[in-house]
Number of protein chains: 2
Amino acid sequence: MAKPEIIKSVKDILNNYMNKHQLRKTQERFKILEFVYSMDKHFDVDELHRFLKEKDFVVSKATVYNTLELLLNAGLVKKHYFNNHAAYYEKSFFNKTHDHIIVRDENGNVLKIIEFCDPRIELIKKDLEKITGLQIEDHDLYFFAKPNKN
Amino acid sequence: MAKPEIIKSVKDILNNYMNKHQLRKTQERFKILEFVYSMDKHFDVDELHRFLKEKDFVVSKATVYNTLELLLNAGLVKKHYFNNHAAYYEKSFFNKTHDHIIVRDENGNVLKIIEFCDPRIELIKKDLEKITGLQIEDHDLYFFAKPNKN
DNA sequence: ATAACTGCAAATCATTTGCAGATCT
DNA sequence: AGATCTGCAAATGATTTGCAGTTAT
C-alpha cells in the first residue's frame with residue numbers, strides 16, 4: 001500500500017473535486033482511489049477489477065470504469081493508449097512527470113518499460129504553445145527500442 | 001492522388017516485401033496502397049473504407065484491416081492510438097518524420113491534429129541511447145490540447 | 001493444383017448504456 | 001425525500017475470426 005500521507009493527500013484532492021462538482025462521496029470511489037495509488041505500474045480496468053476482488057473489495061466493472069473516469073477528470077490518474085487492446089492507467093499525483101522507453105521484441109510484445117525525464121520536452125511544449133496559440137495540457141512521449149543482446 | 005514517382009516507389013517497396021515473405025500480389029493490396037498514399041491526413045479504417053467505395057473501388061472492411069496490417073509490417077504506414085475509439089493510420093514513406101498536437105474536446109473526441117517537427121527529439125533520443133545502451137528505433141510524441149475559444 | 005486471399009457474417013472483447021434498487025446529502 | 005450512484009445485463013462498436021468461394025503462383 002502507498003504511503004499513508006500520500007493516500008491522505010489524494011483523498012483530500014478527490015474530496016475537494018467532489019465538493020466543487022457536487023458529486024457523492026461513496027465508499028467505492030475512495031477505496032478505488034486507494035487501490036489505484038497502491039499500484040506501482042500501469043494497469044488496465046480488468047487488472048484493477050481483479051486486484052480489488054483479490055483484496056475482498058467487490059465492485060462492478062461499471063463502477064471501476066466510472067470511477068477511473070472521475071479520477072481522470074480530477075487529474076488523479078493518467079490514461080494511456082499503448083495499443084488497441086485496452087486503455088492503461090497510472091496514478092499521476094506525487095508521481096513525477098515522466099516518459100517511457102518501451103522495449104519490445106519482434107512480435108511487438110512489451111518486454112520492459114523504462115521511465116525517464118527530460119526537461120527539453122517542456123521547452124518544446126512552451127515553443128509550440130507560443131507558435132500555435134494553443135494551451136497544451138499534457139503529453140505522451142514513447143521511444144521504442146529492441147532488446148539488447150545480453 | 002500522390003505524385004506518380006512516389007506511388008511507384010512505394011509499390012516497389014511493397015513488391016519487395018511480398019517477394020521476401022512469399023505473399024500474393026493482389027489487386028486489392030496495390031490499390032489500397034495507392035489510396036493510402038493519396039490521403040493527406042490521418043484516417044481510420046472506416047474512413048479509408050468509405051473513401052475507397054467513393055472512388056468505386058469496393059473491398060470488404062476485412063481486407064482493409066488485413067492490408068493495413070500488411071502495410072504496417074512493410075513499414076509503409078504508421079499506426080496511432082490517439083484515443084480508444086479506433087486506430088488511426090498515416091502513410092510513412094516520403095513523409096518527413098513528425099510529431100503531433102492533438103486537439104480534443106472534453107469528451108476525448110479528436111477535433112484537429114497538427115503536425116510539427118522539432119530537432120530536440122532527436123537529441124533526446126541520442127542521449128537516451130547513450131545512457132541506456134539501447135538502440136531506439138522509433139518514437140511517438142503527442143501533445144494534447146483543448147480547443148481554442150474562437 | 002493448391003495455398004493464400006477476399007468477402008461475408010458471426011464472434012469477440014473493451015467500453016457504454018439503461019434501468020432498478022441502493023445510498024449519499 | 002430526492003438526486004445520484006452502483007450493479008447487472010444488454011447494447012454498442014472496433015476489430016478478429018471462420019469459412020466458402022476466388023485468385024495468384
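In this text, all values refer to a predicted model and were calculated from it rather than measured experimentally. Numbered from 1 within each chain, the chains take letters A, B, ... in sequence-line order.
Classification of B:Asp40 and B:Lys91 as a salt-bridged pair holds, one side-chain N sitting under 4.0 Å from a carboxylate O. The residues B:Lys125 and B:Glu122 are annotated as salt-bridged, a charged nitrogen and a carboxylate oxygen being separated by less than 4.0 angstrom. Under 4.0 Å is where a charged nitrogen must lie from a carboxylate oxygen, and between A:Asp118 and B:Arg120 no such pair does. Remark: B:Lys41 does not engage B:Glu90 in a salt bridge, criterion side-chain N to carboxylate O under 4.0 Å.
Atom-to-atom, CG of A:Asn83 to P of C:dA14 comes out at 11 Å; the value is rounded to the nearest Å. When rounded to the nearest whole Å, the span between NE2 of A:His49 and P of C:dC13 equals 17 Å. Rounded to whole Å, atom P of D:dT4 lies 15 Å from atom CG of A:Leu70. If you measure from atom CZ of A:Phe57 to atom C1' of D:dT6, you get 11 Å, rounded to the nearest angstrom. Nucleotide C:dC8 holds its P atom 11 Å from the CD atom of B:Glu28, rounded to whole Å. In this structure, B:Leu71 places its CG atom 13 Å from P of C:dC5, rounding to the nearest Å. The separation between B:Ile32 atom CD1 and C:dT6 atom C1' is 10 Å, rounded to whole Å. Going from atom CZ of A:Phe30 over to atom C1' of D:dT6 covers 16 Å, rounded to whole Å.
The 5' end of DNA chain D is approached more closely, in terms of each residue's nearest nucleotide, by A:Gln27 than by the other of A:Gln27 and B:Gln27. A residue-by-residue look at B:Lys25 and A:Leu23 shows that A:Leu23 has its nearest nucleotide of DNA chain D further toward the 5' end.
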With side chain to side chain contact (heavy atoms under 4.5 Å, CB included) as the criterion, how do B:Glu34 and B:Lys11 come out once you've worked through the C-alpha distance, each side chain's angles and the decisive distance to 0.1 Å?
CA-CA 8 Å; B:Glu34 235 178 77; B:Lys11 282 189 177 175; 2.6 Å; yes
Please step through salt bridge (charged side-chain N to carboxylate O under 4.0 Å, His left out) for the pair B:Asp105 and B:Lys146, ending with a clear verdict.
CA-CA 6 Å; B:Asp105 66 19; B:Lys146 287 257 188 307; over 6 Å; no
For a side chain to side chain donor-acceptor pair (under 3.5 Å) check, start with the C-alpha distance between A:Lys78 and A:Asn95, then their side-chain angles and the critical distance, and finish with the verdict.
CA-CA 10 Å; A:Lys78 188 157 164 46; A:Asn95 201 21; over 6 Å; no
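Across all strands, A:Val64 comes closer than 4.0 Å to no nucleic acid atom at all (heavy-atom distances).
No side-chain donor-acceptor contact under 3.5 Å links A:Asp140 and A:His100.
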Base, backbone or nothing for each nucleotide of nucleotides 11-23 of chain D, written B, S, -, heavy atoms under 4.0 angstrom, 5' to 3'?
---SBBB-----B
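Annotation for A:Cys117 and A:Thr97: closest pair SG-O, 2.8 Å, computed over non-hydrogen atoms.
For the helix from C:dA1-D:dT25 to C:dT25-D:dA1, the end axes, each set by the C1' atoms of five terminal pairs, are bent relative to each other by 30° (nearest 10°).
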